[in-house]
Amino acid sequence: MSALMAGCGRQETKTPAAPTAPKKPELMAPFRFHKLIEVSPGQSYDVLSWGRGAEEAGAFMILHSDSAAIKYTTTTGDLDGAIVDVYNSDMDVDGNPEILIQAKSKDTTNYASIYAFEFNNNKANKLDFPKLTSSQRKGYRGNDNFYIRDGKLMREFPIFNGTGKEAKPSGAKRQLEYGLRGNEFTVKQLSKDSTDVNNKASDNQPAKTEEKKSSEKQSSSSSSSSKKKHKRHRG
């Protein structure tokens, strides 16, 4: 009895288990990517990618849910590469949201691709994203960073010097700002093209040293000739 009473008197204190964060639901094949964007109450966009086989190719779809009007639309398209992120903006400030899908490809020309759509009254209008010009592409080797700032789509990437395997990062970045006007993209380069500046500086530096050497030679030759003239005059 005494042992039983002693056992009943002891109360084991159990520490409460730490709350576990809910696990992010895993996508079932053939789906690879999903992101939900809520533009406003009742207006949401589910962006997904899917495909079986090669990871470099697939397709995307944008599921627009207009729960207020009880309308649901689907926009699909082919996808080159894997989706990195999805952005929402209103670059032309017309009240119609734009959904921008960023994908990363493995080619050597266009490392980043943007699939852009503007939605108006449950209709998707495809927008052609401009490619980099020859001057914007100079020193480009991918590693793009996209983000939204002040309603504009910003793009930054490091600049490399050289070509092929010999290319090395210069330490500078090129920054582009994308806007929208009349359903067409506008591009503004915000940073100075430091690649051209570095090349011009490196090209001019040897020329200056050569000029300095030539001027020193000319001054030494002129002084020696003057000495010779003085000697002849004495003789």
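- One finds the CZ atom of F157 at 9.0 Å from the CZ atom of R137 (value rounded to the nearest 0.5 Å).
- Ion pair R155/D144 flagged as a salt bridge, since at least one NZ, NE, NH1 or NH2 atom sits closer than 4.0 Å to an Asp/Glu carboxylate oxygen.
- Side-chain polar atoms of Q43 and D66 form a donor-acceptor pair below 3.5 angstrom.
- Remark: side-chain polar atoms of Y87 are paired, donor with acceptor, to backbone N or O of F146 under 3.5 angstrom.
- To the nearest 0.5 Å, the span separating CD on E26 from CZ on F31 amounts to 15.0 Å.
- Looking only at atom types and distance, the side chain of S67 has no donor-acceptor partner in the side chain of S65 under 3.5 Å away.
- Taking OH of Y72 as the start and CD1 of I70 as the end, the distance is 6.5 Å to the nearest 0.5 Å.
- Under the rule for a ring pair (Phe, Tyr, Trp, His ring centres under 6.0 Å), the partners of Y115 that lie at least two apart in sequence or sit in another chain are F60.
- Within a 6.0 Å sphere centred on NZ of K104, heavy atoms belonging to other residues, nucleotides or ligands number 12 at most.
- Within the structure, salt bridge (charged side-chain N to carboxylate O under 4.0 Å, His left out) pairs that include any residue of residues 42-57 comprise R32-E55, E56-K106 (at least two apart or interchain).
- Here the straight-line distance linking atom CG of N125 with atom CG of L127 works out to 5.5 Å at 0.5 Å rounding.
- The neighbour count for K71 NZ, taken as heavy atoms of other residues, nucleotides or ligands under 6.0 Å away, does not exceed 12.
- For CD of E38, the number of neighbouring non-hydrogen atoms (other residues, nucleotides, ligands) closer than 6.0 Å is 12 at most.
- Between Y111 and Y140, the angle of the ring planes goes over 60°, which puts this pair in the perpendicular group of the 30/60° scheme.
- Put simply, the side chain of E118 never gets that close to the backbone of P97: no donor and acceptor are under 3.5 Å apart.
- The ring of H64 has its center closer than 6.0 angstrom to the ring center of F119.
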